[in-house]
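All remarks here apply to the structure that follows.
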Amino acid sequence: MSSEDGEKGPPREENPAGGEQLALIRETVRKSKEPKAKPRTWRGAPLAEGLPVARVLVDKGLLHLDQFFDYAVPAAMDEKAQPGVRVRVRFGARVVKGRREGGSLHDGFIVERRAESDFRGPLAPLAQVLSTEQVLTPPLLKLCRQVADRYAGALADVVQLAVPPRMARAERDTSPDPRPHPAVPDPGSWQRYATGPAYLQALARGDTPRAVWLALPGPHWPQELALAVATTLASGRGALAVLPDGRAAARVDAALTEILGEGRHVLLTADAGPEERYRRWLAVSRGAVRAVIGTRAAMFAPVADLGLVAIWDDGDSSHLELHAPQPHARDVLLLRAAEERTAFLLGGLTSTVEAAQLVESGWALPLAASRDAVRAAAPLIRTVGDGDQARDEAARAARLPSIAWQVTRDALTRGPVLVQVPRRGYVPRMACDNCREPARCTTCAGPLELRDQGGTPHCGWCGRPAADWHCPECGGFRLRAQIVGARRTAEELGRAFPKVPVRTSGRDTVLGSVGAAPALVIATPGAEPVADSGYAAALLLDGWALLNRPDLRAGEEALRRWAHAAALVRPAGEGGTVVVLGEPTLRPVQALVRWDPAGHALRELAERAELRFPPVSRMASVTGPPAAVADLAETVRLPPGTDLLGPVPLPVPASGPGRTRRHGEPPPGEQWERLLLRVPPGTGSALAASLKAAQIARATRGGNEPVHIRMDPTDIG
DNA sequence: AGCACGCCGACT
DNA sequence: GTCGGCGTGCTC
């Protein structure tokens, strides 16, 4: 936990140049050269007396220009037209022979009521107040604005993510008044962490402690997260916890219900359906419910008097919003922690480099268990490297090392065995054939890719060919792109133990839990069922598939997935054993063996800093048709010290049947390019601001093909 | 983004 | 003479 001064923001950058630049654009776009006039309407209809002007965020009207439009408030709508309500307005009318004509109806939100407008022309009247519900309240608007600026995105896009679509029926229900605060709960299993009870005490006092929490393996974390939420409620404040998927959210929801009973919190996930979800969201927005457990869309939940924001497993890719501007739940919660002066809790079995950076910078304190407690909770980890497999006759015959057979046979007498197999569709990356160090560009340290078989590898970032590559670690000069086939191995296991039931859990059918009886449970990462009394053993067969991905996070991700499976296994003291197929010299394998996720994240962070990778340096990607990317690169006024990497042709995404095109992907048949921009630490927000300014300038000029801008892209190798 | 106004080539 | 090319500007 950190000091309880609410003043300090997260290690977010100051934004002098950027902020001014944006403000300047908003002003010039407004073009209010002439003195303010009294608001007039088109036909002189009677206006509201007090504040006759409504500033409106028009949905999809020029959303890339990111500006508001003023409308006149007819007297009849005066009372209903409050800030935050949804309205309908005419937009896009033209003056034809002194008469206004056309203009289609658009939805929007009233952002502010004002006495006068700085628009010189006559104001159109609001067409309709759709609902009196004040959904886009000033604090929520401010959050949306900050997120839009952080991601060089449009405010209207963020608002669309933050405010759920209206379901009229849900608005008719009246929400109950909030109940009195619950009592402070017992710290329970938080006592296993040296500073755990102190963290809860700080929450109970109304302080704002900030911690990165490395959870012990085992089934306790949902209760612990629920306890943090309940303790914050006891202090009289609200709390918000964001989880990567519905399953995890349901577990925390159940734990919180057990502590507080029904009615003090809501579960905001997609499974509830749009109407029920809006009903729950309204209960939060109206202040009737002050605790929210949910998946990523809940990161915007307008909790009244927020006291704690929490996120579980921030390395899970589900925390990244898929819609523009693709904000990450961790970053949104960091913005909220600063703006709303709340406590912060980032928990997981492993640590992302971003989490490690929060600790390194001193903004958050580590909340971890002692080595003894870790040893008591973790299973025994055994590794099988390539050398072992080569020497192992049985492995060559059956494609599974004999250690794995022994462990499985033994464990199946005591309970279920989890077999983690890779998901389909991994793109292998190039690595040294000799020592398997990932191959990187000697100029910009981007990943090497083989575009056509037998050709020269090229850098995936700057496009330079790497004809004379040699390994900086071992001097080797041969590259390999390895492929793995572990699924068949799992099938063979099933045949080898014919008396044992085989259960599978994967993409289409995810099992929630399995019993304590012996069984082989085959699961892909993320779909592992919980075993009622823990697994007796686990086999992690997807080592190379995880580590060979063209992603900066390959190591972090491998450790994260292994740890998730291993945490479902009984402690070593109860015979729990994990076999991981992976070279014991590799950093993530070592970290798993020692159960030292913090050390792993710190080393990754140091390496990122050295190579000038995110999150130490900040990056943005610009993708689009080659001419558009080049044009933006020419238009943009970048902060000093910006590196331009590329542009390179964008890899064409695998177009499977039924696969919908994601934001920022080229339409079928088009070849797009990607330019990467890299700035030194502390310049990220200036970079975002310049890109947003260039984006707006290009859109205003017209006739330009749009480009997609992404801050902190992750899939760049 | 749409949509209209504006100033230069081939047609009834 | 005018029909229409899409370049430029505006939308409260």
Side-chain angles (χ1 to χ4, degrees), chain A residues 25-48 51-75 77-78 81 83 85-130 136 141 148 153-160 323-325 624-625 627-628 631-632 635 663-664 667 692 694-709:
Chain A
I25 279 164
R26 280 178 202 131
E27 279 318 301
T28 45
V29 160
R30 206 176 293 283
K31 282 198 176 120
S32 51
K33 289 162 203 149
E34 285 171 35
K36 288 179 185 177
K38 277 185 198 148
R40 293 168 291 141
T41 68
W42 297 351
R43 304 242 160 107
L47 295 185
L51 299 168
V53 176
R55 187 147 279 185
V56 174
L57 173 72
V58 182
D59 199 21
K60 296 191 177 84
L62 271 49
L63 60 77
H64 52 281
L65 287 192
D66 231 10
Q67 65 181 85
F68 300 130
F69 293 89
D70 287 347
Y71 284 81
V73 182
M77 297 183 194
D78 187 15
V85 303
R86 291 180 222 254
V87 289
R88 195 160 273 173
V89 293
R90 267 189 197 287
F91 186 80
R94 309 237 81 235
V95 182
V96 181
K97 289 181 230 148
R99 270 229 130 67
R100 275 189 134 85
E101 277 178 15
S104 48
L105 284 172
H106 288 252
D107 287 355
F109 299 90
I110 295 185
V111 151
E112 191 188 352
R113 286 285 297 270
R114 326 181 91 220
E116 48 186 22
S117 170
D118 42 20
F119 181 65
R120 55 202 170 85
L123 300 184
L126 296 174
Q128 190 189 352
V129 175
L130 284 169
L136 185 61
L141 174 68
L155 176 65
D157 280 342
V158 181
V159 168
Q160 202 160 16
H323 298 104
D631 178 59
L632 182 123
T635 310
H663 179 78
K692 194 166 176 173
Q695 180 88 308
I696 289 171
R698 270 174 44 79
T700 311
R701 231 187 305 143
N704 286 313
E705 285 184 286
V707 293
H708 292 270
I709 291 171

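Side chains included, hydrogens not; waters and symmetry mates left out as well; all remaining heavy atoms used. Throughout, a chain's letter reflects where its sequence line sits, starting with A, and its residues are numbered from 1.
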Please state how far atom [atom1] in [X] lies from atom [atom2] in [N], giving the value in whole angstrom units.
X	N	atom1	atom2	result
A:Asp157	B:dA1	CG	P	12 Å
A:Asp70	C:dC12	CG	P	11 Å
A:Arg113	C:dC12	CZ	P	19 Å
A:Arg120	C:dT11	CZ	C1'	12 Å
A:Leu47	C:dC12	CG	P	16 Å
A:Phe91	B:dA1	CZ	P	13 Å
A:Leu105	B:dA1	CG	P	22 Å
A:Arg698	C:dT8	CZ	C1'	17 Å

Fill in: Those residues that, when tested against A:Pro83, pass side chain to side chain contact (heavy atoms under 4.5 Å, CB included) (two or more places apart)
A:Arg113

Item to complete: Give a yes/no verdict on base stacking between C:dC12 and A:Phe69: centres under 5.5 Å, planes within less than 30° of parallel.
Response: no

Worksheet item: Got a donor-acceptor contact below 3.5 angstrom from the A:Arg90 side chain to the A:Gly103 backbone?
Response: yes

Item to complete: Would you check if the side chain of A:Gln695 reaches a backbone N or O of A:Leu632 as a donor-acceptor pair within less than 3.5 Å?
Response: no

Worksheet, complete the sentence: Note: A:Gly153 and A:Pro325 closest approach over all heavy atoms is CA-CB, 3.9 Å

